[in-house]
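In listed order, ligands and their atoms are each counted from 1. Only this structure's heavy atoms are used, side chains among them; waters, hydrogens and symmetry mates stay out.
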Amino acid sequence: METQGRYEGLERRHVLAGEFIFREGDPGDYAYIIEEGEVEISTVIDDKPVVLNVLKQGIMFGELALVDGRTRSAAAVANTDVLLTIVTKEQVNMRVDSADPILRMLLFVVMRYFRSETSWRMHGKPLEPTANEMLTQPAIDLNRRIDQAVDLIRMESELRMAIAEKQFCLHYQPIVNLQTGAIAGFEALIRWQSPSRGFIRPDIFIALAESTSLILPIGEWVIEESGKALKAFEAAYQQPLFMSINIASRQIEEPTFIQTLVKKVKELNIENRQIKLEILERSLFNSELAQRWIQDIRKLGFLVALDDFGTGYSSLQYLNDYHLDNIKIDKSFVGGLGSKSKSSSLCAAMINLAEALEMSVIAEGIECAEQATALKELGCLFGQGYHFSRPMVFEDVLVALKQSSLPFVS
Ligand code: C2E
Ligand code: CA
Ligand code: CA
């Protein structure tokens, strides 16, 4: 007889002495932590029962099958009356899923090795999954995850080479003063042309670069390259411009970042106020550090814009806590202008709010004239999007600026 139920908020299970907790070949639905009593782990070799281990209070067991989705490779029997805390598949998988993908792969590889070693020791043969086991969803998922992690490691080393081999390039998208029609500045958007993979979208490789700190040398290159471009664009346009640069949280955390930025901008003979740093709401998560960083950087005269505004969870709180120059209304709001009446009210509210807090607004993702007109009428100062221009390579921007061929160049 055994009981299972809630105990102090946790799922517990009582098992009487001599009873099975699970048998070899059972599905691995739960892992267990021994709270009281003693558990024996055993298997059958050459038709004879063999005890593999005797586990005591505080030990977890049964977790392997939970993670790799295979059936139990041994049986667990209560040696005495035992009290167990049940660990569910969801509890474990939630954590495994949110772990770094490389760590996850290492976990799976070590688990496979451990299973195989155990099989050699017990049965004198490697663990060969049966054809049926190979086709189960957990086995398929596991192989897919391992493949993904291996690919990520490959991509990481390719990313290292990409810096040395100059495989990155910047595209520049004009930011227009909606009220006058003049170009106010550009946003630098990075591209990676990998010789083996082709074009890779920034949202994919920037996340990887951030998790490996490769974003630091990449970020320095972006500052230098876009700074040079800014000088050339100004010379062609004959009017002051700014350059917006996207900054990842890892760069904010880097103590030498501000120093490096100041040095580079000085070398390029650019005014600090011509550089606008675009940061994402989620970078403000480490609030104390970010608050100090924004203060320091603005004191030096650089501009700071909050990117993708409205898509995070505590946008209004951020506005209260941080002093910023611009907020960038996310394209999801701009896209709904005209068709969804709510988007129009939300854009109006964001523009009024920014004005009250002495910030100006950049609307991104403007794709048609109606959206541009609506935003202009709402008093939005800056706009950016395919309606004006797609992001362009350096040479095309220069030609367009010299020939005043962009439709909005006044
Ligand atoms: P973001 O900063 O929000 O950049 C705007 C994205 O919207 C760009 O995508 C741009 O090409 C796209 N876009 C511009 N106009 C329109 C439009 O009218 N409609 C639509 N649907 N999209 C438009 P992209 O270039 O693929 O960049 C994606 C993200 O990658 C950027 O989002 C930014 O977060 C990140 N990123 C790009 N370059 C850098 C970089 O140098 N450093 C860092 N840390 N992140 C970067
Ligand atoms: Ca941006
Ligand atoms: Ca954005």
Side-chain angles (χ1 to χ4, degrees), residues 159 162-163 167-176 178 185-193 199-227 229-230 242-254 257 261 264 275-284 303-312 315 324-338 343 350 361-372 374-375 382-394 396-397 406-408:
L159 203 54
I163 301 174
Q167 293 165 11
F168 295 116
C169 128
L170 288 180
H171 285 196
Y172 302 94
Q173 188 174 37
I175 297 175
V176 178
L178 292 175
F186 286 85
E187 178 173 4
L189 295 157
I190 196 166
R191 306 284 177 257
W192 178 19
Q193 193 65 43
F199 172 76
I200 302 174
R201 289 180 36 192
D203 6 13
I204 295 174
F205 73 85
I206 289 291
L208 179 62
E210 247 198 291
S211 68
T212 53
S213 295
L214 283 170
I215 193 69
L216 298 176
I218 294 175
E220 282 186 29
W221 176 83
V222 171
I223 294 168
E224 181 142 0
E225 190 75 4
S226 62
L230 176 63
F242 65 79
M243 182 61 72
S244 275
I245 300 172
N246 291 287
I247 300 295
S249 6
R250 179 65 188 85
Q251 291 170 283
I252 295 178
E253 288 160 10
E254 181 58 29
F257 175 83
L261 174 71
K264 282 212 182 296
I275 300 294
K276 192 172 280 185
L277 304 163
E278 296 197 0
I279 57 174
L280 294 165
E281 275 183 7
R282 62 184 147 84
S283 305
L284 305 181
L303 304 174
V304 179
L306 191 56
D307 210 348
D308 297 352
F309 183 75
T311 56
S315 309
L324 303 153
D325 298 283
N326 298 141
I327 57 170
K328 291 193 82 169
I329 300 186
D330 188 65
K331 45 182 171 281
S332 55
F333 299 105
V334 174
L337 277 176
S343 295
M350 284 190 254
V361 172
I362 305 171
E364 59 182 2
I366 302 176
E367 292 185 351
C368 61
E370 291 72 35
Q371 290 165 353
L375 286 158
F382 299 115
Q384 173 184 6
Y386 297 162
H387 167 61
F388 299 113
S389 166
R390 288 194 173 249
M392 292 181 285
V393 294
F394 172 80
D396 290 351
V397 176
L406 291 170
F408 48 84

Protein non-hydrogen atom found under 4.0 Å from atom 32 (O) of ligand 1 | no
Which ligand 1 atoms are under 4.0 Å away from a heavy-atom of G385?
-> 15 (N), 18 (O)
Aromatic ring pairing F168/W192, orientation class (parallel under 30°, perpendicular over 60°, tilted between) = tilted
Out of K331, E278, E364, H171, whose heavy atom sits nearest atom 7 (O) of ligand 1?
-> K331
May I ask you to identify, for R191, whether its side chain, its backbone, both or neither come under 4.0 Å of ligand 1 on a heavy-atom basis?
-> side chain
State the atom name: nearest N, O or S atom of D307 to the Ca ion (ligand 3).
-> OD1
Without hydrogens or angle criteria, can the side chains of N326 and E278 be said to hold a donor-acceptor pair below 3.5 Å?
-> no
Of all the atoms in ligand 1, which lie at a distance below 4.0 Å from a heavy atom belonging to Q173?
-> 14 (C), 15 (N)
If you compare V222, L170, N246 by their heavy atoms, the one closest to atom 46 (C) of ligand 1 turns out to be N246
Protein residue, atom and distance nearest to atom 10 (C) of ligand 1, heavy-atom basis | L189 CD1, 3.8 Å
Heavy-atom nearest neighbour of atom 27 (O) of ligand 1 within options A188, P202, P391 = P202
Residue D330, metal the Ca ion (ligand 3), N/O/S under 3.0 Å = no
V334 side chain reached by E364 side chain, heavy atoms, under 4.5 Å = no
Criterion side chain to side chain contact (heavy atoms under 4.5 Å, CB included) against K328, the qualifying member of V361, L306, I362 = I362
For atom 21 (N) of ligand 1, the closest protein heavy atom turns out to be E367 OE2, 3.1 Å
Once you round to the nearest 0.5 Å, how far does CH2 of W221 lie from CG of L170?
-> 4.0 Å
N, O or S from D308 under 3.0 Å to the Ca ion (ligand 3) = yes
With backbone taken as N, CA, C and O and side chain as the heavy atoms from C-beta onward, which portion of D308 lies under 4.0 Å from ligand 1: side chain, backbone, both, or neither?
-> side chain
Looking only at N/O atoms, are H387 and ligand 1 under 3.5 Å apart anywhere?
-> no
Enumerated ligand 1 atoms positioned under 4.0 Å from heavy atoms of A248 = 44 (N)
Quick one: which ligand 1 atoms are inside 4.0 Å of a heavy atom on I366?
-> 18 (O)
Shortest-distance N, O or S atom of E278 relative to the Ca ion (ligand 2) = OE1
Using 3.0 Å as a strict upper limit, say whether an N, O or S atom of S244 approaches the Ca ion (ligand 2) that closely.
-> no
Residue-ligand contact E187/ligand 1, heavy atom below 4.0 Å = yes
Closest heavy-atom approach to atom 40 (C) of ligand 1 among D330, I247, I190 is made by I190
Just how far is it from atom CG of D307 to atom CG of N246, taken to the nearest 0.5 Å?
-> 5.5 Å
N-O pairing of E210 and R250 below 4.0 Å | no
May I ask whether atom 19 (N) of ligand 1 is less than 4.0 Å from at least one protein heavy atom?
-> yes
Are any of the N or O atoms of Q251 closer than 3.5 Å to those of ligand 1?
-> no
For ligand 1, note which part of L280 has a heavy atom under 4.0 Å away: side chain, backbone, both or neither.
-> neither
Atom nearest to the Ca ion (ligand 3) - E364, N, O or S atoms considered | OE2
Considering only N, O or S atoms, which atom of E187 is nearest to the Ca ion (ligand 2)?
-> OE2
Considering only protein heavy atoms, which is closest to atom 16 (C) of ligand 1, and at what distance to one decimal place?
-> Y386 CE2, 3.2 Å
Quick one: nearest non-hydrogen protein atom to atom 1 (P) of ligand 1, plus distance?
-> D307 OD2, 4.0 Å
